[in-house]
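A note on names: the letters A, B, ... follow the listed sequences, proteins ahead of strands, and every chain is numbered from 1.
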Amino acid sequence: MRAIEHLEQLLRTIVSDMGYAFPAKTTIEPPKDKQFGDLAVNVALVLAKEAKKPPRALAEELAAALNAASEHIATVEIAGPGFINVTFSPGFWQETVSLVDSLGAAYGSSAKGGGKKVNVEYVSANPTGPLHIGHGRGAAIGDSLVRILKFAGYDTTAEYYINDAGKQMHTLGRSIWLRALRLDGKCAGQFPEDCYQGEYITDIAREMLAADPGLTGLPEDEGMDACYRHGMQVIFDEIKQDLRDFHVRHDVWFSELSLVNSGRVEKTLQRLEESGIAYEDDGALWFRTTDYGDDKDRVLRKSDGSLTYFASDIAYHADKYERGYGWCIDIWGADHHGYIPRMRAAVNSIGRPDPDFDVILVQLVNLLRDGEQIAMSTRAGQYETLADVIKEVGADAARFMFLSRKSDSKLDFDLELAKQRTLDNPVYYVQYAHARVKAVLRRAGERGVVVDGAGDLSLLQQEEELDLLRMLDRFPLVVEDAAGNLATHFISYYLMDLAGLLHRYYSVHTILGSEADSLTSARLRLIRAVGQTIANGLELLGVSAPESM
RNA sequence: GCGCUCGUAGCUCAGUCGGAUAGAGCGACAGCCUCCUAAGCUGUAGGCCACAGGUUCGAUUCCUGUCGGGCGCACCA
């Protein structure tokens, strides 16, 4: 990161001195093969056309200028069609340790977000049943993105939208009510198919009956209402507990009902109608989403007078922007992708350009045990709940599994695999690297080797040491990329790479010398910086960094 | 049928705003504990980046088409 910034600065000066604009398509990145140096630059290739010079000749000129421009640069080589390969001096890399030391838990953070207000909305499951494994994936991704965006300098709020106003809440009350009647022997008929089938419904009914045996004597609508209120309370408490157990945090719990009751939904519809974006037809109110690229117009208020979810979703998003968020990110299950065009149309219609709104689609989770698919039927009310999974494999393993994959690709989640402590399950690989660092530092303390301030970093000359230093330097860039691409797996992959280098270093070199010499101190400072960086990365994933394993 | 998305090693997956010989882990095979944590390390084998065209100095990456998997196409929630 420092390396890239430094090199880019030098190149900008040189290119501009030569009388050219710095090409936007320039890339400065670590080459795939280490033999090509620390960083490879393609600027000569990109600039060749404009300069009317062969790329290699141009590269020669740039290389000569680079060599003279910085004391940190050890060698500059031209290769292939005109790549400029730059190698920095060990001294430059060694400074990274001091940087990590001075920043500590803040190493990797930045002000890139400039304090922009961002709202990330995730999970938002209807409180009609327990969270399942798919919710868990969305929860992990949302929570981790919030951590990453905060670290990257955004003023980020984590929000949960509670759909507590619709028909399904009525269905919840009815389901519990009908279960209670059956438990009480007041009704023996077949339990309706359109009710929630899960065992948890019966549990709630049983509990309510125990608390108030007169429940089923109430008039039907009164009884159902009581069931709805209590049931939602119980289920929502469980959801909140599950999220706590999964180390997922929300700052704001936003109720749809509050939006409806305060008249903000109706007000939003009125505004749309006045501005001609909404129109009446066939007794229903329609949104002209086709004006914004959707393939058909969408209903806001049905001809029976009831509102669609779309109507309150528009009011909800308008409310978010009114609360001052310049960027709203929604995390949805991938089965909702057809909903994006109309939501984007809605956002545009309230005067917000595309970049102010993003949807992250999270693909379904395929739950396996030993490679065999576990049947999940929501209909029959049988599915593996998030709580069960956390209980079985632990929050750390589950989170790392979710966060190590692009959100947009399907995920096979094997319960047995998640418990294995092998490289198949890399959470332990990364955590073990951290624990190893801590173990060595502890042992050093026992032997009376003091780390602080001591140690001549210039003694870190081994290839494995320079590899670690280069990797440490990259961390801030990885965080920036993860934030920019809303991609948590950038962090996971980085951590696996860093952990791998640490393990290799550990096995090739003995860190703790037989006595407290300055090389030992330098090495201890290096691995301490590695441990700190791993801890910082794990924190972004919401995964613990154990002191020992 | 229309739309979105994915197709990379035997398996699970990275990489792709165009760059050098396409990477990792697992599995397979061969090795490493008198030594700071072997939950670790080293090495070998394994690829027409689904297929066919196009764009250009250069394509796994961008465009078009084909094939194959997933998902979505309600006055549902």
Side-chain angles (χ1 to χ4, degrees), chain A residues 24-25 27 29 31-33 35-36 40-42 45-46 48-49 54-55 79-83 85 126 128 163 165-169 171 281-286 294-310 333-341 361 363-364 366 368 371 404-406 408-412 414 417 420-433 435-444 446-447 449 484-485 487 489-490 492-494 496-497 499-500 502-514 520 523-524 527 546 548-549:
Chain A
K25 286 171 76 178
T27 57
E29 54 192 14
K32 288 172 187 170
D33 194 325
Q35 68 169 340
F36 295 127
V41 190
N42 69 346
L45 294 165
V46 183
K49 203 172 274 181
F83 288 99
N85 296 327
N126 294 345
T128 57
N163 284 121
K167 189 172 140 194
Q168 83 284 358
M169 296 319 295
T171 305
D281 189 36
D282 277 347
L285 186 68
W286 298 75
D294 199 2
D295 52 2
K296 64 172 80 160
D297 288 344
R298 306 293 175 173
V299 172
L300 294 164
R301 193 194 302 112
K302 295 177 255 180
S303 51
D304 69 1
S306 63
L307 297 171
T308 63
Y309 264 88
F310 185 42
D335 52 342
H336 288 74
H337 76 252
Y339 201 73
I340 294 179
L361 292 177
Q363 282 284 352
L364 301 183
N366 201 16
L368 310 171
S404 303
R405 202 125 308 164
K406 278 188 302 200
D408 199 28
S409 56
K410 273 188 313 188
L411 173 65
D412 287 334
D414 194 310
L417 197 76
Q420 271 176 36
R421 316 218 151 173
T422 66
L423 251 177
D424 257 340
N425 187 23
V427 62
Y428 295 111
Y429 185 77
V430 174
Q431 289 183 318
Y432 186 53
R436 253 188 166 166
V437 166
K438 291 294 179 179
V440 176
L441 292 173
R442 268 196 306 276
R443 184 57 57 89
E446 287 164 15
R447 293 189 190 174
V449 180
N485 293 289
H489 71 282
F490 286 13
S492 317
Y493 273 84
Y494 172 80
M496 288 186 253
D497 286 345
L502 187 277
H503 287 311
R504 167 190 254 268
Y505 179 50
Y506 179 91
S507 45
V508 175
H509 298 287
T510 303
I511 295 161
L512 263 186
S514 51
T520 297
R523 289 184 162 174
L524 288 172
I527 64 160
S548 64
M549 288 172 73

* Asked: Any side-chain heavy atom of A/Ile527 within less than 4.5 Å of one from A/Tyr506?
  -> no
* Asked: Is there a donor and acceptor pair closer than 3.5 Å between the side chain of A/Asn85 and the base of B/A20?
  -> yes
* **Test item: A/Pro341 and A/Asp295 side chains (from C-beta on) under 4.5 Å apart, heavy atoms** => no
* Asked: Would you say the side chain of A/Leu364 lies within less than 4.5 Å of the side chain of A/Lys410, judging by non-hydrogen atoms?
  -> no
* Can you tell which of B/A77, B/G15, B/U37 lies closest to the side chain of A/Ala439? -> B/U37
* To do: Send over the distance from A/Leu417 CG to B/G27 C1', rounded to a whole Å.
  => 12 Å
* To do: Using atom CE of A/Met496 as one end and atom P of B/G23 as the other, report the distance to the nearest whole Å.
  => 18 Å
* May I ask which nucleotide in the shown strands pairs with B/A14, Watson-Crick or G-U wobble, both distances under 3.5 Å? => none
Can you tabulate the close N/O pairs, meaning under 3.5 Å, that link protein atoms to atoms of nucleotides 38-45 of chain B?
from	atom 1	to	atom 2	distance (Å)
B/A38	OP2	A/Arg436	NH2	2.4
B/A39	N1	A/Arg421	NH1	2.3
B/G40	O2'	A/Arg436	NH1	2.7
B/C41	OP1	A/Tyr429	OH	2.5
B/C41	O4'	A/Ser507	OG	3.3
B/C41	O2'	A/Ser507	OG	3.3
B/U42	OP1	A/Arg504	NE	2.9
B/U42	OP1	A/Arg504	NH2	3.3

* Interatomic distance at P, B/A39 relative to B/C26, whole Å -> 14 Å
* Is there a donor and acceptor pair closer than 3.5 Å between the side chain of A/His336 and the base of B/G72? -> no
* Give the nucleotide from the list B/C13, B/A77, B/U37 with an atom nearest to the side chain of A/Ala435. => B/U37
* Structure fact -> By the Watson-Crick or G-U definition, both distances under 3.5 Å, B/C2 is matched with B/G72
* Structure fact -> Ranking B/G19, B/C75, B/U5 by distance to the side chain of A/Trp286, first place goes to B/C75
* Asked: Quantified in whole Å, what is the P atom distance between nucleotide B/G47 and nucleotide B/U8?
  -> 15 Å
* **Same-atom distance (C1') from B/G53 to B/C17, integer angstrom** => 24 Å
* Structure fact -> The reported gap from CG in A/Asp414 to CG in A/Asn425 (rounded to nearest 0.5 angstrom) is 10.0 Å
* Using the rule for Phe, Tyr, His and the six-membered ring of Trp, do A/Phe83 and B/G19 stack at under 5.5 Å and under 30°? -> no
* C1' atom, B/A9 versus B/G23: distance in rounded Å? -> 10 Å
* Tell me what A/Ser409 touches on the nucleic acid: a base, only sugar-phosphate, or nothing, going by heavy atoms under 4.0 Å. => sugar-phosphate
* Which listed nucleotide (B/G15, B/A77, B/G19) is nearest to the side chain of A/Leu45? -> B/G19
* To do: Determine the interatomic distance between C1' on B/A59 and the same-named atom on B/C48; round to the nearest Å.
  => 14 Å
* Asked: Is any side-chain nitrogen or oxygen of A/Lys302 closer than 4.0 Å to OP1 or OP2 of B/C76?
  -> yes
* Asked: So what does A/Ser306 touch, heavy atoms closer than 4.0 Å: a base, only the sugar-phosphate, or nothing?
  -> nothing
* Report yes or no: does A/Thr171 contribute a side-chain atom to a donor-acceptor pair with the main-chain N or O of A/Lys167 at less than 3.5 Å? => yes
* Asked: Of all the choices, B/C13, B/U37, B/A20, which nucleotide is nearest to the side chain of A/Tyr493 once you look at every atom?
  -> B/C13
* Under 3.5 Å: donor-acceptor pair, side chain of A/Gln431, backbone of A/Met549 -> no
* Structure fact -> Rounded to the nearest 0.5 Å, the CG atom of A/Asp335 sits from the CD atom of A/Gln363 at a distance of 9.0 Å
* Structure fact -> By nearest-heavy-atom nucleotide on RNA chain B, the more 5' of A/Lys406 and A/Arg442 is A/Lys406
* To do: By nearest nucleotide on RNA chain B, pick out whichever of A/Val41 and A/Asn425 is the more 5' one.
  => A/Val41
* Please confirm whether the backbone N or O of A/Leu300 pairs with a side-chain atom of A/Thr308, one donor and one acceptor, at under 3.5 Å? => yes
* Between the main-chain N or O of A/Tyr429 and the side-chain N or O of A/His503, is there a donor-acceptor pair closer than 3.5 Å? -> yes
* With C1' as the reference atom in both, quote the distance from B/G15 to B/C71 in angstrom, rounded to an integer. => 25 Å
* Think A/Lys296 has a side-chain N or O under 4.0 angstrom from the OP1 or OP2 of B/G72? -> no
* Structure fact -> Any strand, both distances under 3.5 Å, Watson-Crick or G-U wobble: B/A38 pairs with none
* To do: Mind telling me if B/C33 is syn or anti? Syn here is a glycosidic angle within 90° of 0.
  => syn
* Taking atom P in both B/C67 and B/A28, compute the distance separating them and give it to the nearest angstrom. => 39 Å
* Could you check which of B/A77, B/C75, B/G15 has an atom nearest any side-chain atom of A/Tyr309? => B/A77
* Asked: Would you say B/G15 has OP1 or OP2 under 4.0 Å from some side-chain N or O of A/His489?
  -> yes
* Side-chain N,O (A/Arg443) to OP1/OP2 (B/U37) below 4.0 Å -> yes
* Asked: Who does B/C62 pair with, Watson-Crick or G-U, both distances under 3.5 Å?
  -> B/G54
* Asked: What interatomic distance, in whole Å, is found between P of B/U66 and the corresponding atom of B/A45?
  -> 41 Å
* Considering only heavy atoms from C-beta outward, does the side chain of A/Phe83 approach that of A/Val41 to under 4.5 Å? -> no
